[in-house]
Amino acid sequence: GSAQNTRSIVDFMKKKLIPRFDGRNYICVASVSYLSGLHSDTGTGGWVDISKYTDTYAGNIFRGEVGEFYMTRFVEETGYLSNVIGNGSTHGQAVFFGSDNVYEAVSIPEEIRVKNSMDYGRDMGLAWYALLGWKIVWDYAVDNEQHIVFVTSA
């Protein structure tokens, strides 16, 4: 990841009129290598570290969020995205999100279910239960729209 790559992706999303996640910023979930490349780029003078956040997000900071750069809030991911360095200066993988990217359908909302006790109360149990579904709202193959941009090394 580099400052120029990030600016190009955000500019692409703005030109496609993809609404920003929180009305102000896009969200990027990025690998460690992508963020390392972004930090080492000399053009990242606009990086705002999470420790410098004031009341901007009023407690709505994502788990793993590390900072903000060029209208994008960055979340570091360490378990799925690749950290492989590609050709040139492309580092690792990242996923950029706009608003209205995934739809949640709720059939049965989240609830706690208690197991009916049988053996005189010696076999108690609790379970979390829900019937939920998620789907990408904008399908590029169908309607030429996309609110998720996946960045990978070559």
Side-chain angles (χ1 to χ4, degrees), residues 1 5-7 9-39 44 46-85 90-153:
N5 289 346
T6 300
R7 284 188 197 99
I9 294 163
V10 170
D11 289 346
F12 166 80
M13 294 175 78
K14 288 174 15 182
K15 289 173 187 175
K16 291 291 184 180
L17 303 176
I18 298 171
R20 296 178 193 172
F21 183 82
D22 59 6
R24 181 177 161 208
N25 293 296
Y26 294 107
I27 301 297
C28 176
V29 178
S31 68
V32 174
S33 291
Y34 188 93
L35 288 171
S36 178
L38 182 61
H39 282 292
T44 59
W47 179 265
V48 177
D49 192 84
I50 193 169
S51 64
K52 302 213 174 26
Y53 280 6
T54 55
D55 293 333
T56 307
Y57 302 113
N60 294 320
I61 295 174
F62 299 111
R63 180 177 294 162
E65 188 170 351
V66 293
E68 179 182 325
F69 173 71
Y70 197 67
M71 297 166 275
T72 306
R73 293 170 60 184
F74 286 87
V75 176
E76 184 177 65
E77 192 283 327
T78 60
Y80 181 76
L81 295 173
S82 173
N83 286 298
V84 175
I85 298 175
T90 306
H91 296 266
Q93 295 180 329
V95 183
F96 287 77
F97 298 91
S99 181
D100 195 23
N101 51 10
V102 178
Y103 181 78
E104 178 186 20
V106 178
S107 179
I108 297 176
E110 299 89 346
E111 62 183 55
I112 300 293
R113 291 189 173 181
V114 179
K115 177 181 173 186
N116 290 332
S117 179
M118 299 178 84
D119 192 24
Y120 301 101
R122 292 184 289 186
D123 63 343
M124 296 183 286
L126 292 174
W128 180 91
Y129 183 81
L131 287 178
L132 309 168
W134 291 269
K135 181 104 173 133
I136 294 175
V137 174
W138 302 97
D139 184 353
Y140 186 77
V142 175
D143 54 22
N144 253 1
E145 290 284 341
Q146 185 61 276
H147 289 204
I148 301 171
V149 176
F150 177 58
V151 180
T152 186
S153 296

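Remember, it's a predicted structure, so these values are computed and weren't measured experimentally.
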- Query: Are the side chains of V95 and E77 in touch, meaning some heavy atoms are under 4.5 Å apart?
  - Reply: no
- Item | Shortest non-hydrogen contact between G98 and M13, atoms and distance | N-CE, 3.6 Å
- Message: In the structure I gave you, are the side-chain heavy atoms of T72 and N25 within less than 4.5 Å of one another anywhere?
- Response: no
- Item | Gap between atom CZ of R73 and atom CZ of F97 - 0.5 Å precision | 13.5 Å
- Task: Measure the CZ-CH2 distance between R113 and W128 for me, rounded to the nearest 0.5 Å.
- Result: 11.0 Å
- Task: Taking the side chain as every heavy atom from C-beta outward, state whether F74 and L38 have any atom pair closer than 4.5 Å.
- Result: yes
- For the atom pair CD (E68) and CH2 (W47), what is the distance rounded to the nearest 0.5 Å? 9.0 Å
- Query: Going through the distances and angles, do I18 and Y26 end up as a side chain to side chain contact (heavy atoms under 4.5 Å, CB included)?
  - Reply: CA-CA 9 Å; I18 298 171; Y26 294 107; 4.1 Å; yes
- Query: For the residue pair R63 and V75, what are the closest heavy atoms and their distance?
  - Reply: O-CG1, 3.5 Å
- May I ask you to check whether T6 and Y34 show a side-chain donor-acceptor distance below 3.5 Å? yes
- Is any side-chain heavy atom of F96 less than 4.5 Å from a side-chain heavy atom of I27? no
- Intermediate values then yes/no, ring pair (Phe, Tyr, Trp, His ring centres under 6.0 Å), F62 and F21: CA-CA 13 Å; F62 299 111; F21 183 82; 5.8 Å; yes
- Message: What's the separation between atom CZ in R7 and atom CE in M71, rounded to the nearest 0.5 Å?
- Response: 9.5 Å
